[in-house]
Asks: 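Can you read through this structure? Questions will come right after.
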Amino acid sequence: MTGRVIHTGQAIVDLVLTVPALPSAGGDVFATSHEITAGGGFNVMAAARRDGAAVVYPGGHGTGRFGDIVREAMSAEGVEVTQEPTTDLDTGFSVAIVDDDAERTFVSTLGAEGRLSRADLDAVATTGADVVYLSGYSLFHEGNGRVLLEWLPTLPEDTSVVVDPSPLVGEIPEERLRAVAARANIWTANESEARTLAARLGQPAPSPTVAELADALARRLDATVIVRANRDGAVVAGVGREPLRVPPHPVEAIDTNGAGDAHTGVLCAGLATGRGLEEAVRRANVAAAVAVTQRGPATSPTSAEIDALL
Ligand SMILES: Nc1ncnc2c1ncn2[C@@H]1O[C@H](COP(=O)(O)OP(=O)(O)OP(=O)(O)O)[C@@H](O)[C@H]1O
Ligand SMILES: Cc1ncc(CO)c(N)n1
């Protein structure tokens, strides 16, 4: 059965500034280049669309220049946008400062995206074939997070709920993580955030290998856990199964930004279009590998490109 990817994150604008080095606090520097693009959760949606899934965006989007940018980008990728634009607010944005080592520093603010309501989510009429994607950016946002946590228990039993808890900023109470865990089927995180998550859940540190980390998290969360391990590919773990290492697609990385979003988008697309978990992760590794060979955030390949490389 084919379902849709219901993306409950936020489509916001990225203001990307490339600098030789970050100035210290109070300092000044000229950017060597700049770019204004749709970003944030849009990258996940674009990746899922390109791998052939129907994608629904129930989140907010504003009226103004930034709202126009994200709407145009979502329309170009064929994302179904269910809300009308918010009339009294523009779309939010991230200022992303990229230094010479491609290290990114983000400061983000939500506009219309910060006003998710229960009615917005109910309007999607999620079915058991659909895959719901949740990210830390919305789960740990005060207003949106509360609405999402109230909505999760109302989902059909068969709906897969995929959580990327990034960013695990600040003091996220363990009870909030537990409330998400009560409904989430699949957690996916990069290695450093998987370690942070394990620590928040009381996992005694240090957990030596990625496979052991994924396995420990799967038990703690009572769910399938995927740990993205950069140039080592990914590990899939679950309760009652041996952790499985899914090898990387070997490439020469140029810009790793957006690899995680491409990975998660293609993972969700695979599950929504009826692929098995392992196959979905294999495809996600290929898509993320292609994404790191190109500069920019929404650089995920099409289904045909992934098929050709598998
Ligand atoms: N150098 C590489 N070669 C091959 N595949 C890679 C490489 N770097 C990343 N990948 C692929 O991209 C996936 C996600 O990368 P990573 O583990 O860095 O996640 P992330 O930290 O969430 O990414 P991001 O840089 O977008 O935050 C990996 O699981 C892997 O499949
Ligand atoms: C999925 C995702 N990635 C990145 C950001 C930061 O802009 C966001 N809001 N959502």
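Start at 1 and go down the list; that is how both ligands and their atoms are numbered. Since we're looking at a predicted model, the values are computed, not measured.
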Asks: Side chain, backbone, both or neither: which part of Ser166 comes within less than 4.0 Å of ligand 1 when only heavy atoms are counted?
Replies: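 Contact part for Ser166 vs ligand 1: neither.
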Asks: Determine whether the side chains of Thr302 and Glu305 contain a donor N or O and an acceptor N or O closer than 3.5 Å.
Replies: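 Side chains of Thr302 and Glu305: pair found under 3.5 Å.
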Asks: Once you restrict to heavy atoms under 4.0 Å, what part of Asn285 touches ligand 1? Side chain, backbone, both or neither.
Replies: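 It is both backbone and side chain that touch ligand 1.
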Asks: Using a 4.0 Å heavy-atom threshold (strictly under), name the region of His263 that reaches ligand 1: side chain, backbone, both or neither.
Replies: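 Within the 4.0 Å criterion, His263 contacts ligand 1 through side-chain atoms alone.
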Asks: Return the minimal non-hydrogen interatomic distance between Ala96 and Phe106, and the atom names on each side.
Replies: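 Closest pair (atom of Ala96, atom of Phe106, distance): CB-CE2, 3.7 Å.
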Asks: What part of His249 sits under 4.0 Å from ligand 1 if we count only heavy atoms: the side chain, the backbone, both or neither?
Replies: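 Backbone only.
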Asks: Ala289 to ligand 1: N or O pair under 3.5 Å?
Replies: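 No - when backbone and side-chain N and O of Ala289 are compared with those of ligand 1, no distance drops under 3.5 Å.
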Asks: Less than 3.5 Å between some nitrogen or oxygen of Gly260 and one of ligand 1, yes or no?
Replies: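 Yes; at least one N/O pair falls below 3.5 Å.
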Asks: Do Glu150 and Arg146 meet the salt-bridge criterion of a basic N to acidic O distance under 4.0 Å?
Replies: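 Salt bridge: no.
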Asks: Suppose we screen for side-chain hydrogen bond (donor to acceptor under 3.5 Å, both in side chains). Which residues come up paired with Asp68, at least two apart in sequence or across chains?
Replies: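 So Asp68 forms a side-chain hydrogen bond (donor to acceptor under 3.5 Å, both in side chains) with Arg71.
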Asks: Considering both backbone and side-chain atoms of Ala259, is one of its nitrogen or oxygen atoms within less than 3.5 Å of a nitrogen or oxygen in ligand 1?
Replies: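 Yes; the residue has a nitrogen or oxygen that sits under 3.5 Å from a nitrogen or oxygen of the ligand.
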Asks: Quick one: do Asp14 and Arg104 make a salt bridge, cutoff under 4.0 Å?
Replies: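 Looking at Arg104 together with Asp14, the answer is no, because their closest N to O distance does not fall below 4.0 Å.
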Asks: Among Asn43, Asn230, Val235, which residue places a heavy atom closest to atom 30 (C) of ligand 1?
Replies: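 That would be Asn230.
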Asks: Any nitrogen or oxygen of Pro250 lying under 3.5 Å from a nitrogen or oxygen in ligand 1? Just yes or no.
Replies: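 Among all N and O atoms of Pro250, none is under 3.5 Å from an N or O of ligand 1.
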Asks: Are Asp307 and Arg283 ion-paired here, with the side-chain N under 4.0 Å from a carboxylate O?
Replies: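 Between Arg283 and Asp307 there is a salt bridge, with a charged N closer than 4.0 Å to a carboxylate O.
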Asks: Where the closest heavy atom to atom 3 (N) of ligand 1 is concerned, which of Asp232, Thr293, Val251, Val246 has it?
Replies: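 Nearest option to atom 3 (N) of ligand 1, by heavy atoms: Val251.
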